[in-house]
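Written below as structure tokens is the structure these notes are about.
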Amino acid sequence: MTARESYLSGSRGIAELTATVQGCVSLWEGGLSLADVTGTTILTPSILAMFARGAALRGEALFLIGDGLIPCIDWEVRTRNSRPNAYRVTIPEIGGGSTQTVLAEEVLHLRLAADPVAPWAGQAPLRRSHLTAGLLDTLERALLDIYDTAPLGSQIVPFPETPENDMETIGRGFRGQRGRVLLRESVSTTAAGGPVPTADWRPSDVTPDISKAMTAESMAAARDTVANAFGVLPALLNSATTGPMVREAQRHLAQWQLQPMAALLAEEATNKLGVQVQIDTMRPLQAYDAGGRARAVTAVVQAMAQAKEAGIDASQAMQLVDWEA
């Protein structure tokens, strides 16, 4: 059971509970669920979202091809020549999961960052960067304990020797007295008209100073590194980010993270379904520079018109710059 838990959730298994990780997972889910799918109708937005979530948290996702695609919560693989040829899958049900054995052609198996040592299994971003994920987990748990148990905003006020019951009564008298003058007896007693101490009744703050531990800087660095592991530009999480930076982060996520994942899923679907399947995340997310594309189209049209006037074959001119006419 311990080995199975480690396999499912990584070495620590708790960093995925942080808002940073869940925000990145939500970007994966939303981006892949909006993808354009051609060649099949079984890859619905809900199925694509589950593919994205499984890939983000586990590094792989497996669906049984049946009446649509049926998600599998656990599976065992048998391989031949390092390629899966049979699975024993567990299908989730309300009253308990059911288990059945199927061939590799009967399932869609998406694997991310497959290692040559185990090409039949994927690796989640947190598993590949568990050191940073552990740091983020440790920092958030430490801050949670501090805000839960530390005496934040508390002060120690000196007071002369008084019975405990009277101290409790006087302590309750301080509560809620905002903006009012509170008069209390002096701590130090003087004899023969001696001077009153200047430091009398000076309160002492007991709020812990955690800024010296650089928790804010460490938290921001760990958060940015984990986001980068998910293919999300850290600048997207910055409170001072701007519109162009947000668009660039969206382009980066779609082009370098979601589209390669979509290509892997399309390849798997093409091999298993017997039809050519294509999945495009760039157009639905509009992960491109609209202004730059418009200027490029204008330049291309003008160039082709000038080539036609000069009697030059436009297709050959396009091939010189590795473009297809």
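In this text, all values refer to a predicted model and were calculated from it rather than measured experimentally.
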Output the distance between atom [atom1] ([X]) and atom [atom2] ([Y]), rounded to the nearest 0.5 Å.
X      : Y      : atom1 : atom2 : result
Met167 : Glu164 : CE    : CD    : 9.0 Å
Asp145 : Glu140 : CG    : CD    : 12.0 Å
Leu126 : His130 : CG    : NE2   : 10.5 Å
Leu136 : Arg141 : CG    : CZ    : 10.5 Å
Arg78  : Leu103 : CZ    : CG    : 8.5 Å
Gln250 : Gln255 : CD    : CD    : 13.5 Å

Are side-chain heavy atoms of [X] and [Y] found at a separation under 4.5 Å?
X      : Y      : value
Thr281 : Leu34  : no
Val37  : Gln278 : no
Leu143 : Met219 : yes
Ile65  : Leu273 : yes
Asp115 : Gln123 : yes
Tyr87  : Thr101 : no
Leu64  : Gln100 : yes
Leu69  : Phe51  : yes

Between the main-chain N or O of [Y] and the side-chain N or O of [X], is there a donor-acceptor pair closer than 3.5 Å?
X      : Y      : value
Asp137 : Ala133 : no
Thr169 : Asn165 : yes
His252 : Gly231 : yes
Glu268 : Leu265 : no
Ser33  : Gly30  : yes
Asn81  : Arg83  : no

- Does atom CG of Asp209 have more than 12 heavy-atom neighbours, drawn from other residues, nucleotides or ligands, at distances under 6.0 Å? yes
- Might you confirm whether atom CE of Met214 has over 12 heavy atoms from other residues, nucleotides or ligands at distances under 6.0 Å? no
- Item | Thr20-Thr18 side chain donor-acceptor pair, cut-off 3.5 Å |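 Checked: Thr20/Thr18 side chains show no N/O donor-acceptor pair below 3.5 Å.
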Check the hydrophobic clustering (I, L, V, M, F, W, Y; side-chain heavy atoms under 4.5 Å; chains of links allowed) and say if [X] and [Y] are grouped together.
X      : Y      : value
Val21  : Leu233 : no
Val246 : Leu253 : yes
Val25  : Val232 : yes
Ile70  : Val89  : yes
Leu139 : Ile210 : yes

- Task: Go through the steps for Leu27 and Leu236 under the test side chain to side chain contact (heavy atoms under 4.5 Å, CB included), then give the verdict.
- Result: CA-CA 11 Å; Leu27 289 175; Leu236 183 62; 4.1 Å; yes
For the student: nearest non-hydrogen atoms of [X] and [Y], plus distance:
X      : Y      : result
Trp28  : Met261 : CE3-CE, 3.9 Å
Leu108 : Ala269 : CD2-CA, 3.7 Å
Cys72  : Pro92  : CA-CD, 4.4 Å
Thr207 : Ser154 : OG1-N, 3.9 Å
Pro208 : Leu152 : CD-CD2, 4.0 Å
Ala104 : Lys272 : O-NZ, 2.9 Å

- Run the numbers on Ile47 and Ile42 for side chain to side chain contact (heavy atoms under 4.5 Å, CB included), then give the verdict. CA-CA 8 Å; Ile47 294 295; Ile42 63 174; over 6 Å; no
- Query: Can you list the steps and then say if Gln155 with Val206 is a side chain to side chain contact (heavy atoms under 4.5 Å, CB included)?
  - Reply: CA-CA 6 Å; Gln155 291 183 337; Val206 294; over 6 Å; no
- Message: Quick test of your reading of the model: are Glu60 and Arg111 salt-bridged, counting only N-O distances below 4.0 Å?
- Response: no
- Ring centres of His109 and Trp75 under 6.0 Å apart? yes
- Task: Would you please test Leu43 and Ile279 for side chain to side chain contact (heavy atoms under 4.5 Å, CB included) and show each step?
- Result: CA-CA 9 Å; Leu43 290 174; Ile279 303 175; 3.9 Å; yes
